[in-house]
Amino acid sequence: EWKNPFATWDPQDFCNISEVVLPLDTYWSPPIFILERVNGQDPDMNYMVLMHNGSFNSTRPFQVTLTCSLIILKFPFDTQTCNLSIASFLYSATDLVMKMKRTAYESMKDSQSIFLTDGEWKFTNLSIIEYMEIMDNKEYSVITYKISMERRPTLYILNLILPTCALYLLDMAVLFGPSSLEEKINFQIAIILGSSMLAVILNNSLPTSSNKPPVIGTH
């Protein structure tokens, strides 16, 4: 939302029309960039609502792919925090300053109501930071949304952790059991094959975008 004091009128002079819908390029609108964006689709809703008091309102849904540094040391019990930074580097802070319309708590409640809750990730927290970014000796207004998500580990526990623990317990039982040497060798070969299959499944399931490998993958 923004205001233009030159785009005002009295609704009584125009059949009580208090707002109009116009194409986005009819008047000036702030150019907004998502800094972490690497791919996405631009919306076709290039319209804005102009109120009689000069207030503009533009709502544009974006579907974008963002870069995010993952720390998967505790995989699959990890919590990730990704940033979504919104800025306009065509205008410095002397011309354009962005402000939050809603608090972080209100935004988090709205996000939780529309976020998919049956996927791999659970949306846990949202914080908002307003600050000035200095580039080429100029200050630019930036708003960063810090999104925290917690991974749901149930699938990995059932498919990886429990079978691995069961194989290790079976290995110990066979090793110290009263079986003959030939039977122990056969059991050990079967356990090695099972462990190899689990290692392949684990290697395909582990994320690779991290400086430190997860603890579960180093054992």
Side-chain angles (χ1 to χ4, degrees), residues 1-70 79-135 138-150:
E1 294 183 354
W2 66 97
K3 280 193 175 184
N4 185 344
F6 299 100
T8 60
W9 71 90
D10 189 352
Q12 295 181 355
D13 297 336
F14 297 93
C15 301
N16 292 326
I17 298 176
S18 60
E19 63 180 44
V20 291
V21 179
L22 300 172
L24 195 61
D25 56 357
T26 304
Y27 284 88
W28 176 90
S29 60
I32 301 300
F33 305 98
I34 300 177
L35 304 187
E36 295 84 2
R37 174 177 174 174
V38 294
N39 194 6
Q41 298 178 355
D42 292 331
D44 296 329
M45 299 176 57
N46 295 322
Y47 295 92
M48 57 185 177
V49 179
L50 172 60
M51 304 295 294
H52 66 91
N53 59 356
S55 176
F56 287 84
N57 187 311
S58 177
T59 302
R60 306 177 66 194
F62 283 90
Q63 182 178 1
V64 298
T65 301
L66 308 177
T67 60
C68 183
S69 299
L70 300 180
T79 300
Q80 306 295 338
T81 301
C82 297
N83 293 340
L84 192 153
S85 301
I86 301 176
S88 179
F89 289 116
L90 296 181
Y91 298 93
S92 64
T94 57
D95 300 322
L96 189 149
V97 176
M98 295 191 300
K99 295 292 183 181
M100 296 182 301
K101 179 183 177 181
R102 292 175 294 182
T103 63
Y105 178 79
E106 294 172 343
S107 300
M108 184 177 67
K109 288 300 181 182
D110 292 341
S111 300
Q112 287 177 337
S113 64
I114 62 176
F115 191 78
L116 297 178
T117 58
D118 57 350
E120 181 181 359
W121 295 94
K122 178 182 178 182
F123 180 76
T124 56
N125 190 31
L126 174 67
S127 59
I128 307 176
I129 303 175
E130 295 179 357
Y131 64 97
M132 295 295 175
E133 183 77 18
I134 300 178
M135 294 181 60
K138 291 184 178 180
E139 289 187 342
Y140 296 90
S141 178
V142 182
I143 296 180
T144 298
Y145 293 81
K146 290 186 174 293
I147 305 169
S148 298
M149 297 176 293
E150 181 180 352

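Start at 1 with the first residue, then count along the sequence. Here the structure is a predicted model, which means the values were calculated and not measured.
Shown here is Phe33, whose CZ atom has more than 12 heavy atoms of other residues, nucleotides or ligands within 6.0 Å.
Considering all non-hydrogen atoms of both residues, Thr81 and Ser148 come closest at OG1-OG, 3.4 Å. When all heavy atoms are compared, the tightest approach of Leu24 to Arg60 is CD2-NH1, 3.6 Å. The two residues Ile147 and Leu126 make their nearest non-hydrogen contact at CG1-CD1, 3.8 Å. Across every non-hydrogen atom of Met132 and Ala93, the tightest pair is SD-CB, 3.7 Å. Minimum heavy-atom separation, Ser107 to Arg102: OG-CB, 3.9 Å. Summarising the geometry of Ala7 relative to Leu50, their closest heavy-atom pair is O-CD1, 3.9 Å, with the distance given to 0.1 Å.
With respect to Ile32, the side-chain contact (heavy atoms from CB on, under 4.5 Å) criterion is satisfied by exactly one of Ile86, Leu90, Ile143: Ile86.
No donor-acceptor distance shorter than 3.5 angstrom exists from the side chain of Ser18 to the backbone of Pro11, with no hydrogens or angles considered. When atom types are taken as modelled, the side chain of Glu19 and the backbone of Val49 share no donor-acceptor pair closer than 3.5 angstrom. Not one N or O on the side chain of Ser58 forms a donor-acceptor pair closer than 3.5 Å with the backbone of Met48. No donor-acceptor distance shorter than 3.5 angstrom exists from the side chain of Thr144 to the backbone of Ser85, with no hydrogens or angles considered.
Ring planes of His52 and Trp9: perpendicular class, angle over 60° (limits at 30 and 60°).
Residues Leu66 and Leu84 meet the side-chain proximity criterion, which asks for heavy atoms closer than 4.5 Å.
Judged as a side chain to side chain donor-acceptor pair (under 3.5 Å), and not counting sequence neighbours, the contacts of Lys146 are Asn83. Residues that satisfy the side chain to side chain donor-acceptor pair (under 3.5 Å) test with Tyr47, not counting sequence neighbours, are absent from this structure.
The OH atom of Tyr140 sits 12.5 Å away from atom CE of Met98, with the distance rounded to the nearest 0.5 Å. Residue Thr79 holds its OG1 atom at 10.0 Å from NZ of Lys122, rounded to the nearest 0.5 Å. Distance check: Arg37 CZ to Phe62 CZ gives 6.5 Å after rounding to the nearest 0.5 Å. Distance check, rounded to the nearest 0.5 Å: OG1 of Thr26 to CZ of Phe56 gives 8.5 Å. Rounded to the nearest 0.5 Å, atoms OG1 (Thr65) and CD1 (Ile34) are 10.5 Å apart.
The side chain to side chain donor-acceptor pair (under 3.5 Å) contacts involving residues 91-101 comprise Glu1-Lys101, Trp28-Tyr91, Ser92-Thr94, where partners must be two or more places apart or lie in separate chains.
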